[in-house]
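These numbers come from the heavy atoms of this one structure, side chains and all, not from hydrogens, waters or symmetry mates.
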Amino acid sequence: MNQFRLLLFILGFGVLSSSVLAQDIRTGRQTNTTTANQRQERQLVETEEETEGRRTLLDDSTRMVYGPTTSLYFYEKDIKRNSLVLYPQDTSLVNFHNYDPVAKSGWKYQDLANIGSAAQPVFFELPDVIGTRSGYEVYDIYFRAPENNRYFDTKSPFTEMSAFFGGGNRNMLDLAFARNINPRWNVGFNFNTIRSRKTLNPNARDDNMVENTAYSLHTNYRSENGKYWFLGNFSRMRHVVNEIGGIIPPDVDSTSIYFTYEDAKVWLSHTQARDLRQEYHFYHEYKVKDGLQIYHVFDNKDQEMTLEADLTTSDSSYYNSERLNMQQDTTRNFYDFSEWRNEFGFKGTFGGFYYNAFARLRNGRMKNRFFDEADRFNEVFIGGELIGKISEKWSLSADGEYLLPGAFRIHGRLVSPLLELDYTKALYKPTSMQQIYRGNHYAWTNDFANTGVDQLKAKLVINFDKIRIRPNLTLNRINNYVYFDENREAAQNLNEAFILQPGLIANFQIGRKFRWENELIFTEVTGDGADALRIPSFYANSRFYFDSPLFNDNVYVQLGIDVRYHSDYFADAYNVSTQQFFLQNNFNVYAYPVADLFLDFRINRTRVLVKYNHLNNGFMAQEGYFVTPDYTGYKSFIDLGITWYLFD
């Protein structure tokens, strides 16, 4: 904790110093804004002429007034689609207490019950890439991909600092800084860390399960005549996990007991996994004439995945007896996945429609010293997109890409005042890791067929005075699904699986100061291939809270309770050796509601959270709950957090 606080102080001092050196600006008093104002500000769309030079912001005394609406940010995807949206900094309290990535997702990820641990989606998701992927994806949720990073349009140096101190020494630090070199050129960086002590069987105060350090550098520039735009980003993440392998089941060791947390008997104490990622990414475009631009996207990604285990210790009892790489005393599985991507295209607007056509070349390889040769791929894509805005409330879009040969994705979307429809048809390739693997304990060579998916999503939009209802339905048809079977090896189910998923989002305002927000999802998996997909039949999130300003509107407060729940199901187990979740039929992750009490409040631009995890601990028939077989969920403890902004 002392090292964490020292790091926070050093970073904060550095940012403050750079802000002072940047420019001498006198600031005026920033008035408080309400949540409703924040929502309105998020809809701010700036035209091209406004982007080239906005007027100086002055208060009545001609002093510069900087705040959330003068340090704006935008995303690459909006630039690419010619629909620039400038967002103000978020000072909303909604969901602020759910600060870690799994909680932010609405608990729609299954992890190992600690911040930074391996995680996979609870519900079926289509991959973003239809071509070859590495297959090492359990830490994807903690990596901030450059194409999703924020780019800034600031009028003064901007700093965002967040520190979260979770119970049991589960800590996170996030730091963002950006400044304008001139009105058309901005630069900045992000710095993020996770330090999570083991929740099961820690040996010391600083016996961390997860140590994550990540940073990114970004810049954006627009020429004086507005015809050329450049966005550039470099991102790096080093994610280290000291694996525990879960609690030793009592039927294996009669002295092992679930729900003893710090005193739990776990499988591993000398095994470490490391995921190192680096990515260079830039996007640039040139306006040829009105309605026509040409663009280029470049990506270079590298992911190194390492697993090391000392087999001379008790850790050896966790792994199967095979030593396939002739490593008797030490397991060291190392994989290096690298790819280069270049996309060239043209785009523009014509007759109220946005159009885009592109060609993409993607080259890469998976390398392992136990391969006969590197697993290489060369992929060529062609594709395009068409978006039409029929009116302010109606829009229609279609996009797709084709991988030569054999894989494709077609997607269409309709948005209307009462109904939103999405349809996707895709054929995507298995991962490199699923096709070929050479570890010390497992090895395989496969020739899997591509996986086919038809997905339909529909949502009704129903609004009343104080009620917002969103009935929705998701249908999936999946064939040739690739997964990890009960033997912990990659397998393909050649049969079809059908997922029927009706859901409901219902939010209510009760009186003037109370809100009740709910999400329900029902899932039924059928078909001959259904057994390869393990999803709880019922999932629910509910939040009831007080929401109102206090103390003459100087403090904005949300105080309430969060409850999450899923029905019984045989959730996937986790295999440390391959870093993959796999099917199992013996451990029921039983239904158990988890309640968290929270207090979020904001004073001016500073937000603070206090969260009491697992409020109902000790009041249930069960002693606790599981998130993954042999991994118990959080016990009761308190989380604290703070986020604040500096605008000069």
Side-chain angles (χ1 to χ4, degrees), residues 105-110 120-130 133 137 383 385-387 394-403 406-430 448-462 468-483 491-507 518-541 565-572 581 583:
S105 74
W107 304 98
K108 293 178 181 177
Y109 275 79
Q110 172 195 355
Q120 71 167 359
V122 172
F123 303 102
F124 172 78
E125 291 186 358
L126 277 165
D128 294 331
V129 178
I130 62 173
R133 294 161 287 133
E137 300 169 346
E385 185 173 21
L386 186 65
I387 302 175
W394 288 80
S395 65
L396 184 65
S397 65
D399 62 272
E401 58 182 344
Y402 180 64
L403 168 58
F408 65 87
R409 181 184 56 83
I410 302 171
H411 171 250
R413 178 173 173 80
L414 169 68
V415 177
S416 71
L418 295 178
L419 177 66
E420 296 180 9
L421 286 174
D422 264 283
Y423 175 72
T424 303
K425 186 177 184 64
L427 194 65
Y428 64 87
K429 299 178 69 172
F448 290 143
N450 291 349
T451 299
V453 177
D454 287 279
Q455 183 180 83
L456 175 66
K457 293 184 176 182
K459 180 171 69 175
L460 290 175
V461 179
I462 303 173
R468 302 289 184 268
I469 300 177
R470 303 290 186 269
N472 57 81
L473 176 67
T474 300
L475 299 173
N476 287 290
R477 184 194 65 83
I478 309 167
N479 65 287
N480 293 334
Y481 182 64
V482 180
Y483 63 103
Q492 185 166 50
N493 192 316
L494 300 179
N495 299 309
E496 287 188 334
F498 300 90
I499 304 175
L500 173 65
Q501 212 162 60
L504 176 68
I505 296 174
N507 298 333
N518 305 275
E519 182 176 14
L520 310 175
I521 300 175
F522 299 87
T523 302
E524 183 178 7
V525 185
T526 59
D528 294 337
D531 192 55
L533 294 149
R534 303 296 173 83
I535 303 172
S537 59
F538 179 66
Y539 161 95
N541 265 346
Y565 173 86
H566 64 72
S567 56
D568 293 355
Y569 76 118
F570 288 99
D572 289 350
F581 287 86
L583 292 190

Discussion item. For Asp568, is the CG atom crowded, meaning more than 12 foreign heavy atoms sit under 6.0 Å from it?
Written reply: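 Counting other residues, nucleotides and ligands, CG of Asp568 exceeds 12 neighbours.
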Please tell me if the side chains of [X] and [Y] come closer than 4.5 Å, counting only heavy atoms from C-beta onward.
X	Y	value
Leu126	Thr424	yes
Pro536	Val122	yes
Leu421	Tyr423	no
Leu419	Leu460	yes
Lys108	Pro121	no
Trp394	Val415	no
Trp107	His566	no
Glu420	Arg413	yes

Ion pair [X]/[Y], N-O distance below 4.0 Å:
X	Y	answer
Arg470	Glu519	no
Lys425	Asp454	yes
Asp399	Arg409	yes

Worksheet item: Between the side chains of Asn476 and Gln455, is a donor N or O closer than 3.5 angstrom to an acceptor N or O?
Response: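 Yes.
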Discussion item. Checking side-chain polar atoms at under 3.5 Å, does Ser537 have a donor or acceptor matched by the opposite partner on Thr523?
Written reply: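 No donor-acceptor contact under 3.5 Å links the two side chains.
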Discussion item. In terms of relative ring orientation, are Phe522 and Phe538 parallel, tilted or perpendicular, with 30° and 60° separating the classes?
Written reply: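 Geometry flag for Phe538 against Phe522: tilted rings.
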Item to complete: For the residue pair Tyr483 and Tyr481, categorise the inter-ring angle as parallel (less than 30°), tilted (30 to 60°) or perpendicular (more than 60°).
Response: parallel
With rounding to the nearest 0.5 angstrom, report the [atom1] to [atom2] distance, [X] to [Y].
X	Y	atom1	atom2	answer
Leu386	Leu396	CG	CG	8.0 Å
Ile535	Phe123	CD1	CZ	7.0 Å
Leu500	Leu473	CG	CG	6.0 Å
Asn472	Leu504	CG	CG	7.5 Å

Practice prompt. Check the pair Asp572 / Gln110 against side-chain hydrogen bond (donor to acceptor under 3.5 Å, both in side chains), numbers first and verdict last.
Written response: CA-CA 9 Å; Asp572 289 350; Gln110 172 195 355; over 6 Å; no
Worksheet entry | Heavy-atom pair with the smallest gap, counting every atom of Phe124 and Ile499 |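 Phe124 and Ile499 have their closest heavy atoms at CB-CD1, 3.9 Å.
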